[in-house]
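Values below: every heavy atom of this structure, side chains too, minus hydrogens, waters and symmetry copies. By convention in this document, chain letters (A, B, ...) are assigned in the order of the sequence lines, proteins followed by strands, and residues within each chain are numbered from 1.
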Number of protein chains: 2
Amino acid sequence: MTGIDQRVAGFEGQLRDAGLRMTQQRRLILRVLAEADDHPDAKGIFTRAFAQDPTLSLSTVYRTMKLLETQGAIERHAFEDGVSRYEHADQQHHDHLIDVESGQVVEFSSPEIEALQAKIAAELGYEIVRHRLELYGRKIPAPGKRRGRR
Amino acid sequence: MTGIDQRVAGFEGQLRDAGLRMTQQRRLILRVLAEADDHPDAKGIFTRAFAQDPTLSLSTVYRTMKLLETQGAIERHAFEDGVSRYEHADQQHHDHLIDVESGQVVEFSSPEIEALQAKIAAELGYEIVRHRLELYGRKIPAPGKRRGRR
DNA sequence: TGACAGATGCAACTGGTTTGCAATAGCGTG
DNA sequence: CACGCTATTGCAAACCAGTTGCATCTGTCA
C-alpha cells in the first residue's frame, strides 16, 4: 500500500506547506481519506477514524474536511441526498454516475461532454469556472449474460 | 398576462385532477410560481406570497412545493448552495448555467450532451433515470468591446 | 346547509453542519 | 529539553433548511 502512504505524505505536505500543524487527529483523518476508495460523508469518515481513536470528535472531521477542501487536497460533492461526500483530489477530473438502487457511485470522464459544455457556455457568453454533472441510473441486466466483467 | 393566467389554470387543473383541494393559499402560491421567471427558493416564494396574504405560513409553502413536485407540476433543483429552488415544469427539459458572480441562472439545452450521457451510461451498463448538469461560469466581456481584461 | 376528510398555522423537532469557549498540544525558541 | 505562544481540539449549544404532530379551520360534495 505504498500508494496510500504516499497519498498521506502528499496530504501532510500540503498542510505543512500551508503552515498548518500536523496533529494526531489530522494524521488519522488523512489516512482514512487516503485509504477510502469510495465517496464517504463526514459521518462515514468519522466512524472509520473513531475506530482508531475514540477521542476524535465529529466537529474535528468537519473542520478538517473544510480545511482540506480549501487546500484543494480533497473534493466535496453533494449528490441528490444533500449530504457532502468527499474524495481525494489527486486524480484526474471526472464526473459521477450514481446507481439509484444501490447508491453506488461510478466515476467516468468524457472529454466530448466537457468540450460541448465549453462550447455551450461560450455561446451564452460565459466561460466555465466549474461544473457539476451527475447521472442517476439503473443497472441494465447484461445482455449476453456472459460472466466475468466488473 | 394571459400566459400566467393559463399557467395558473394549468396548475389548478393538475391539482383538481389529483383530487386535491383548491385552497386560498394554494391559489396564491400557484400564482406566485406562475409569475416567477427566476428560480426562487421556498423562502422567496413565501416572501412574495406573504405580501399578498400575511396569514400564510412557510410550512404551507413547503408542503405545497412538495405536493406540486410529486404532481410533476414543478421541478426542484438544488444548486451549489444546497437550498431547493423551484420552477414550473411546463417547458421542455433544460439544464442550467449559473453565473458565479451574480447568481443569475441561465437555461440551456443540448441534445448532443444528452446523447453523450446516454452513451456513456450505456457503456457502463446503466440506463439513465435522470441527471443533473450545472455549469458555473463567469460572463465573458463581449468580444468587440475593447476594455482590457484579465 | 352539514358533515367530514383534507389543509393550515404554529411550534416543536430533525439531521447535517458550524461555532463559541475553555482546555490541550504542536512547534519554534532559548 | 523545557517554555510559551497560538493553532487545534472536544464539547455543547447554535444554526438552518426542511418536516411534522396536533388542534383548528375550510373546501367540497351530498
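- Not counting sequence neighbours, the partners of A:H93 by the ring-ring contact (aromatic ring centres under 6.0 Å, His included) test are A:H131.
- Look at CG on B:L20: it is 15 Å from C1' on D:dT26, rounded to the nearest Å.
- Annotation for B:Y86 and B:I45: closest pair CD1-CD1, 3.9 Å, computed over non-hydrogen atoms.
- Protein atom CZ of B:F46 is 14 Å distant from nucleotide atom P of D:dG18, rounded to whole Å.
- The salt bridge (Lys or Arg N to Asp or Glu O under 4.0 Å) search around A:R63 returns none, not counting sequence neighbours.
- For B:M65 and C:dA7, the CE to P distance is 16 Å, given to the nearest whole Å.
- Looking at residues two or more places apart in sequence or on another chain, you find a salt bridge (Lys or Arg N to Asp or Glu O under 4.0 Å) between B:D81 and B:R85.
- Between B:S57 and C:dT8 there is no side-chain N or O to OP1 or OP2 distance below 4.0 Å.
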Report, as a single string ordered 5' to 3', how protein heavy atoms within less than 4.0 Å touch nucleotides 15-25 of chain C: B base, S sugar-phosphate only, - not at all.
-> -SBBBB----B
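- Among residue pairs with one or both ends in residues 18-40 of chain A, those qualifying as ring pair (Phe, Tyr, Trp, His ring centres under 6.0 Å) are A:H39-A:H96; sequence neighbours excluded.
- Spacing between atom CD of A:Q71 and atom P of D:dT8 amounts to 10 Å, rounded to whole angstrom units.
- Look at B:D53 and B:R31 and you find no salt bridge, because none of the NZ, NE, NH1 or NH2 atoms lies under 4.0 Å from a carboxylate O.
- Between A:Q25 and D:dG10 there is a side-chain polar atom (N or O) within less than 4.0 angstrom of OP1 or OP2.
- Atom CE in A:M22 sits about 12 Å away from atom P in C:dG28, given to the nearest Å.
- Look at CG on A:L56: it is 9 Å from C1' on D:dT9, rounded to the nearest Å.
- Looking at heavy-atom distances under 4.0 Å, B:R16 makes contact with sugar-phosphate atoms alone, never a base.
- Summarising the geometry, the separation between CG on A:D81 and C1' on D:dG18 is reported as 15 Å, rounded to the nearest angstrom.
- With sequence neighbours excluded, the residues forming a ring-ring contact (aromatic ring centres under 6.0 Å, His included) with B:F46 are B:F50, listed by chain and number.
- Rounding to whole angstrom units, CD of residue B:Q24 and C1' of C:dG9 are separated by 16 Å.
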